[in-house]
Each structure stands twice: as C-alpha cells, then as structure tokens.
Amino acid sequence: MAQGGGRQRNQARAVTWPPSMTAGALPSRHSWTLPLGWLRAWVQAETGPGRLLPWVPVGFGIGIALYFAAEREPVAWLVTATACVLALAAVLLRRSSAFPCVLLAVAVAAGFACATWKSERIAHEVLAKPVFGAALTGFVETREERERSDRFVLRVATLETPRDAIKLTRVRLSVKKGTAPAVGSFVALKARLQPPLAPLRPGGYDFARDLYFQGIGASGFVTGAIRKIDPPTPPSRHLQYAATMQGMRDAIDARIRASLTGDNRAIATALLTGKRDAISSDVNDAMFISGLGHVLSISGYHMAVVAGVVFFVVRALLALVPVLTVTFPIKKVAAAAALLAALFYLLLSGAEVATQRSFIMTAVVLIAIMVDRRAITFRTLAIAALIVLVITPEALVHPSFQMSFAATLGLVALVQIGMPALFATSESSTTARIALWGGREIAMLLLASLIAGLATMPYAAYHFHRITPYGIVANLLAMPVVSILVMPAGLLGLIAIPFGFDGLFWHIMEIGLQWMISVSKWVAALPGAVGRVPAFGTGPLIAASLGIILLALLRTPLRYAGVIALVIATIWAAATQQPDVLIAGDGQSVAVRGRDGRLHVMRSGKDAFLIKEWLGADADARQPTDASLGDGVSCDPSGCVTALADGALIALTLQPDAFSDDCDRAAVIVTARQPPADCRAMVIDREALQGQGATSLRHVGDRFVMDAVRPRGLQRPWAQGPVDVTDNAISTGQRMRQGPVDATPAETDLTPDDQ
C-alpha cells in the first residue's frame with residue numbers, strides 16, 4: 001500500500017508544472033532545440049485551460065486604449081461588426097492552437113467597440129469659445145465643497161447667451177463658499193462659461209476628456225445671485241434620489257461637525273461620505289507626499305474594511321448561538337450582510353467611478369464566498385475589471401483605475417504566489433510554527449505595502465511626476481490604526497446616529513485621524529520625501545504596465561520577461577528629453593530652459609496653476625511665485641525675451657512695435673499680434689495657438705521640433721475645432737443688489753478649470 005501510494009503521488013506530481021523532463025516530453029539536453037522545446041512547453045502551460053480568462057480584460061483594455069489613441073472618432077457600426085466577426089472566428093477556432101491569439105483579438109476589438117459606443121451614447125455639445133453673461137436655468141445635480149469655494153453641476157433646462165445660440169446638457173459652476181444651492185433645487189442664474197480645460201502641456205492630463213464622459217460641456221463660475229424658482233416639470237426620480245443621498249451626507253457631516261473641527265472633521269467626512277474637498281491644502285499635500293493620499297479617496301481599501309468589519313461582526317454574533325453553527329450557513333449570511341453594507345457605503349459616498357470599481361471588486365469576492373468559490377483569485381479580479389471597463393470604459397485612462405487595479409493585481413499575485421510560504425503547515429516544526437505565527441502579520445503588512453507601492457509607482461510617476469520613497473514607512477505606521485480604530489469607529493458612529501450616541505465614536509475616530517495626520521506630516525518632512533520624476537510619454541508607461549502584468553499573471557519562467565519590460569520602461573523614461581520651450585494655449589505664458597538647465601518664465605498673465613504644472617512635470621521643486629523663475633528674463637511693456645542654453649533668443653511679443661527687434665534677433669516669437677510678413681523668426685501666433693493649444697518645442701540642431709496638445713488632424717468630441725483666446729480678466733457682469741446673497745466667488749479662489 002505504501003508503495004502504491006508513493007506511485008500515486010509521483011503520478012500526481014507528473015502532471016503539474018513544470019512538466020516532466022523525460023525524453024518524450026522535451027528534446028535531449030544536448031540538442032540545439034532544447035530552448036525552443038522549453039519555450040513551447042512554457043507557452044502551452046500559460047495557454048492551458050483556466051489560464052486565458054485573466055488575459056481577456058487585458059485585451060479589452062488594450063482595445064479601449066486604442067480608441068483613445070485614435071485621431072478621429074471610429075465608425076461605430078464598423079468596429080462592432082469587426083468585433084462580431086472576430087467573435088465568430090473564435091467560436092469556430094476554439095479547438096485550434098490559434099484560439100488564444102484569436103480570443104485576445106476578440107477582446108481588443110470588443111474593448112474598442114465598447115468605448116466607441118459609450119462615446120456615441122453620451123454624445124453632447126461642448127462649448128467651443130468663452131461666453132459672458134449666459135443666463136441659465138436648471139436642476140442642481142451634484143454639489144461639492146472645497147477649501148475656498150464650492151462647486152455644483154447644473155443640468156441645463158434653458159440657456160440664453162448674448163450672441164450665439166448654444167445648447168449644453170450639463171455645466172459645472174463654481175460659487176463663493178457656502179452659497180452653492182441644494183441638490184435637487186431648480187435655480188436661475190447668470191454665469192461666465194468657458195470650454196473645458198484642455199491639457200496644459202503636450203502629454204498632460206486631459207481634463208476636457210474627463211468632463212466629456214461626465215456629460216459636462218462647459219465649466220465656469222456664477223456671476224451674481226442664484227435664485228431658486230419653481231421648476232417647469234417635477235424632478236426626475238434619479239434627481240430625487242440624488243437629493244435624498246446628498247441630504248443624508250449633509251446630515252452626517254453636520255453630526256461630525258458638532259464633535260470635530262478642522263482637518264479631523266474634513267477627513268472623517270471624506271472617509272464616510274466621500275466629501276473630501278474641505279481638507280486643507282497643507283494636510284492634503286502631506287498625505288500625498290507621504291504615500292497616504294489613497295486614504296482620502298474611497299477605494300478598495302475602504303470598501304474592504306467596511307465589508308470585512310460587517311462580515312466578521314455578523315459571523316461572530318451568529319456563532320454565539322451554537323445551534324446556528326451546525327444548521328445555518330452563517331458564513332454565507334455574513335457575506336450577504338457585508339454585501340449590503342458595501343452597497344450602502346457605495347450609495348452614501350456618492351457612487352463615483354472609483355467607488356463603483358471598489359464595490360464591484362468587493363461584491364465579486366463576497367459573492368464567491370456565498371457560492372463556495374475561492375474569493376481572492378485572478379479570475380475574481382478579471383471579472384471585476386471587465387465589469388468596470390464595460391460600464392465605464394473611460395476609467396482606463398484615469399489614474400485612480402490604473403493605480404487601484406495595479407495595486408490589486410500585485411496583492412492578488414502575492415496571495416496566490418508568495419503568501420502560502422508565510423503560513424505554517426502540518427509538516428512545520430514547532431519552532432517554525434511559532435515563528436511564523438508571531439511574524440506572519442508583520443511580514444504580510446510589509447509585503448502588501450511594498451508590493452502595492454511598487455505596482456503603483458509607474459502610474460504615480462506618470463500622472464503626478466513624483467513617487468513616495470517613504471510610502472511603506474507611512475503605511476506601516478498609519479494603516480493599522482486606520483483599519484483597527486478609524487474605520488470601525490466611523491461605522492459605529494453611523495450606526496449610533498439614530499440613537500444619539502454617535503459623538504463618542506467621532507472622538508474615538510479623531511484619535512486615529514490625528515495620529516494619521518501626524519504621521520503624514522512627519523514623513524513628508526523627511527529629507528528626500530518628495531521623489532520628483534520628470535514627465536515622460538505613454539511609451540514607458542505601457543512598457544511598465546506590460547511588465548507588471550507579465551510578472552503577475554504568468555507562472556512559467558516567461559514571467560521574467562516582465563522584469564525586462566520594467567527595465568526597458570525605466571531606461572526609456574529616464575532618457576526622455578524634456579522640452580526647451582513651453583507655450584501656454586493662450587500665448588500669455590512661455591517657459592524657456594536656460595543655461596542652468598531650469599525653466600525661466602515669461603508671462604503676461606498670472607496663471608499659477610499652469611506654472612505649477614509645468615514645474616511639476618519638469619521635476620522642479622520651485623513654487624510659481626519663486627523669484628528665480630524670472631532670472632535671465634528681460635521685460636518691458638512691449639514684451640519679454642530670454643535665452644536658451646545655446647544663446648538663441650525666445651521672445652514674447654506683446655506690442656506691434658517690438659516686432660522690428662524681435663524678428664531680427666529672436667529664434668522664436670510667441671505673440672497674440674499679427675507679425676510682419678517678412679519676419680525671419682519662427683512665429684507662433686494667436687491663430688496657431690487657437691488651433692493647436694498648448695505647445696512645446698525641442699531644440700534639435702538648428703531647428704525646433706514642435707509638439708502640440710491638438711496636433712493637425714485630431715478631431716475628437718472633447719477636442720475639436722479652434723478655441724478663441726480672450727482676455728483672462730474676470731468679468732462678474734451686472735450683479736443683483738437685492739434679494740439672495742451674491743454667489744460670485746473671489747478671483748483668488750478660482751482654479752483654471754473654473755474660468
């Protein structure tokens with residue numbers, strides 16, 4: 001019997017990876033075809049049964065990325081037909097060796113078609129040029145509080161402008177703090193409207209694209225008072241629901257405000273309701289510099305804590321009744337209760353895209369528990385990713401999606417591959433079991449923080465131009481307190497509100513929040529806490545994403561190709577040449593790289609947000625108000641001039657009388673005026689900027705290579721047609737002297753996308 005059992009065990013091992021190295025399985029060791037045989041065996045193992053599903057969302061995401069990379073809108077019926085033909089081919093070839101490749105092609109085509117149809121379904125007009133004194137009426141759909149001003153989204157019922165007839169569906173408006181109307185109210189107001197903010201530099205984040213997929217066609221600010229009037233039609237059920245949930249969030253915020261103040265109150269509200277805009281800028285910066293910024297945005301971590309607390313509490317309470325442990329599926333009931341709690345948390349927090357994604361992932365895990373399946377697997381993650389991308393394909397290009405799924409992918413890989421080694425087995429010695437039990441939790445926390453930090457690093461570097469060198473330190477110090485004290489106390493506070501005993505739990509929550517804030521400030525103040533990274537293109541980001549996916553999903557030695565991809569991405573990003581000249585879309589600001597290798601700014605406006613973005617993308621720690629930005633810049637009422645590293649002059653010409661000198665001396669002239677026809681310099685004028693937006697120049701030899709936000713031929717729904725440049729001075733219009741409080745925000749309280 002013992003020998004038979006041994007043979008059975010040997011046979012069981014023979015069918016697992018790696019495959020047996022018998023003569024029949026692979027070529028002999030001395031054969032020159034040995035590497036090819038290994039490669040064939042590895043590929044067969046990676047494309048075997050059950051191994052293809054995790055690659056479907058990868059292909060689906062590639063298709064969505066191709067949609068956003070297109071210069072013009074694809075033809076919806078054609079891309080759909082292509083996806084259907086490929087799907088039919090996959091069915092016919094399902095038993096063929098080519099099936100994995102065809103399946104990947106189907107996923108790519110399906111992702112491309114899904115993004116195309118989403119854009120087709122939400123198609124709406126986008127404002128092309130600024131509008132002054134627009135009179136609007138409509139329902140208030142959402143409202144958000146910010147540190148210095150508030151903002152709301154108006155579903156437009158009527159829109160009257162002094163000149164052109166414009167039809168907009170939704171607009172986003174800023175108001176003076178404390179004057180935003182209630183969600184669900186029907187209001188009349190006047191506003192200055194601007195086209196959605198275009199990228200501030202070539203390769204920069206596209207705010208207009210985000211607003212387009214939110215159905216918003218313009219942004220701006222209110223001029224004068226906001227009047228609440230009777231609606232011509234009753235509000236929709238969706239709007240009634242939104243008003244109810246907003247009232248609930250406001251009520252919770254009021255209860256927290258009664259016990260807490262300042263940033264403690266703002267962060268507590270952010271964790272429970274998703275209203276995170278009232279946090280002060282210094283604490284917000286410290287949180288992100290220290291690597292704790294993910295706490296402020298409701299994500300998979302928050303959803304997992306809420307669901308986990310409810311799951312274990314319900315299960316523990318049911319286990320107190322002995323008869324239920326035998327006759328009742330208490331684990332499944334606890335999972336169902338946790339799912340309901342997660343759903344309530346989703347609705348309470350505003351159901352933003354990132355929160356929806358977190359809920360879907362949590363729901364898939366809990367449903368897996370209810371149907372007796374493994375909860376944390378690559379299949380679970382693949383299903384969650386597919387659901388999110390089908391519902392919101394635009395999420396793929398958003399940093400929150402990229403960072404959250406990269407972190408989750410790394411953590412699932414850790415659970416599937418590395419975590420089993422941390423658990424004692426029946427064959428472990430007593431000493432080893434004790435050592436593993438004592439150090440397991442610490443090792444798990446260390447590894448989870450390290451893996452999540454490394455997985456999200458390429459995306460933080462690409463979108464925010466910085467990494468968090470001490471992120472693992474901050475997370476180790478703060479996250480256990482957040483998990484054990486802050487979030488459970490917050491949940492208990494919500495439960496206690498109807499009974500009037502919530503104040504105690506808010507104060508308990510405050511203890512943990514104060515610790516988290518102290519940790520973030522301490523870590524942010526450490527030497528080298530801000531790891532600044534110069535901007536790089538999408539190529540290195542794609543290579544890094546490929547490397548992370550290969551390392552996580554592959555099981556054979558082919559996975560080490562991911563290391564090669566990550567090395568290539570790192571070298572590629574480091575070798576990216578930074579622009580020598582940056583030109584704002586309105587032509588009023590120009591940054592030039594001087595002999596010291598740093599940017600020097602010529603500007604006739606005062607767009608601090610723009611300069612901050614340029615400096616951040618250049619890994620420059622200076623602030624927009626730094627006096628050194630003007631070193632080497634010579635200005636007079638007619639314009640400004642400064643030199644590149646090789647001495648070539650760049651001119652910002654403000655008055656026509658400056659052209660005579662600038663055309664003779666400067667290599668490049670930026671101007672909103674009409675230059676003379678015989679000007680020898682390269683001229684970037686108002687007409688060019690209207691068509692191409694923000695522009696960068698790289699000095700290569702004796703010529704300049706130009707990159708633009710809107711290159712020639714680009715026509716997308718959120719970026720089409722020229723944009724008129726107008727005076728940036730704020731026009732408040734004619735304000736009402738009687739009636740409601742004036743809602744016009746101060747100029748200093750506005751950000752560029754409000755104007």
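Bear in mind the structure is a predicted one, so any value in this text is a computation, not a measurement. In this chain, residues are counted from 1 in sequence order.
- Glu141 and His238 are not linked by any side-chain donor-acceptor pair at a separation below 3.5 angstrom, with hydrogens and angles left out of the test.
- The distance from the CG atom of Asp263 to the OG1 atom of Thr269 is 11.0 Å, given to the nearest 0.5 Å.
- The shortest non-hydrogen separation linking Arg94 to Val91 is NH1-O, 2.5 Å.
- In this structure, CE in Met516 is found 8.5 Å from CG in Asn264, a value given to the nearest 0.5 Å.
- In terms of heavy atoms, Asn284 sits closest to Ile279 at N-CG2, 4.1 Å.
- Put simply, the side chain of Trp117 never gets that close to the backbone of Phe112: no donor and acceptor are under 3.5 Å apart.
- For the pair Leu381 and Leu409, the minimum side-chain heavy-atom distance is below 4.5 Å.
- Inter-residue side-chain proximity for Ser119 and Tyr67 is flagged as met; some heavy-atom pair is nearer than 4.5 Å.
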Could you go through the side-chain contact (heavy atoms from CB on, under 4.5 Å) check for Met487 and Leu271 one step at a time? CA-CA 8 Å; Met487 290 300 296; Leu271 294 178; 4.2 Å; yes
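- Trp42 is listed as a side-chain neighbour of Pro557, based on a closest heavy-atom distance under 4.5 Å.
- Side chains of His463 and Met403 form no contact here, defined as non-hydrogen atoms less than 4.5 Å apart.
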Show, in sequence, the C-alpha distance, side-chain angles and deciding distance for Val283 and Ile267, and conclude whether the side-chain contact (heavy atoms from CB on, under 4.5 Å) test is met. CA-CA 10 Å; Val283 170; Ile267 296 177; 4.2 Å; yes
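- No side-chain donor-acceptor contact under 3.5 Å links Thr392 to the backbone of Glu394.
- One side chain, Arg249 or Gln246, offers a donor N or O that lies under 3.5 Å from an acceptor on the other.
- The two residues Pro458 and Leu541 have their closest heavy-atom pair at O-CD1, 3.7 Å.
- Put simply, the side chain of Val58 reaches to within 4.5 Å of the side chain of Leu553, judged on heavy atoms.
- The two residues Val295 and Met287 have their closest heavy-atom pair at CB-CE, 4.3 Å.
- Atom CZ of Arg51 sits in a crowded spot, with more than 12 heavy atoms from other residues, nucleotides or ligands closer than 6.0 Å.
- Panel note: side chain Arg265, backbone Leu260; no donor-acceptor pair is recorded below 3.5 Å.
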Under the criterion ring pair (Phe, Tyr, Trp, His ring centres under 6.0 Å), I'd like the reasoning laid out for Phe213 against Phe68: C-alpha separation, chi angles, the key distance, then a yes or no. CA-CA 12 Å; Phe213 279 94; Phe68 284 107; 5.7 Å; yes
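- Smallest separation of non-hydrogen atoms from Trp506 and Gly490: CZ3-O, 3.9 Å.
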With side-chain contact (heavy atoms from CB on, under 4.5 Å) as the test, would you mind laying out the steps for Leu494 and Ile497 before giving the verdict? CA-CA 5 Å; Leu494 291 178; Ile497 284 179; 4.3 Å; yes
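- Taking 4.5 Å as the limit, some side-chain heavy atom of Leu551 sits within range of a side-chain heavy atom of Leu566.
- Note that CG of Leu491 and CG of Leu272 are 7.0 Å apart. Values are rounded to the nearest 0.5 Å.
- The shortest non-hydrogen separation linking Gln240 to Pro235 is NE2-O, 3.2 Å.
- For the pair Leu347/Met245, a side-chain contact is recorded, criterion being any heavy-atom separation below 4.5 Å from C-beta on.
- Using modelled atom types, one side-chain atom of Ser96 and one backbone atom of Ala98 make a donor-acceptor pair closer than 3.5 Å.
- In this structure, OG1 in Thr116 is found 13.0 Å from CZ in Arg121, a value given to the nearest 0.5 Å.
- With Ser259 contributing its side chain and Ile256 its backbone, the two residues share no donor-acceptor pair below 3.5 Å.
- One finds the CG atom of Leu366 at 13.5 Å from the NZ atom of Lys332 (value rounded to the nearest 0.5 Å).
- The closest donor-acceptor contact from the side chain of Arg95 to the backbone of Leu92 lies at 3.5 Å or more, if one exists at all.
- Without hydrogens or angle criteria, Ser349 side chain to Leu346 main chain gives a donor-acceptor distance under 3.5 Å.
- With rounding to the nearest 0.5 Å, the separation of CG in Asp502 from CZ in Arg255 is 4.0 Å.
- A side-chain donor-acceptor contact under 3.5 Å links Ser404 to the backbone of Phe401.
- Taking 4.5 Å as the limit, every side-chain heavy atom of Val314 sits out of range of all side-chain heavy atoms of Ile330.
- No side-chain donor-acceptor contact under 3.5 Å links Tyr241 and Ser236.
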Hey, mind stepping through Phe359 and Leu339 against side-chain contact (heavy atoms from CB on, under 4.5 Å) and telling me if it holds? CA-CA 9 Å; Phe359 170 76; Leu339 181 59; 4.1 Å; yes
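- Put simply, the side chain of Arg257 never gets that close to the backbone of Ile252: no donor and acceptor are under 3.5 Å apart.
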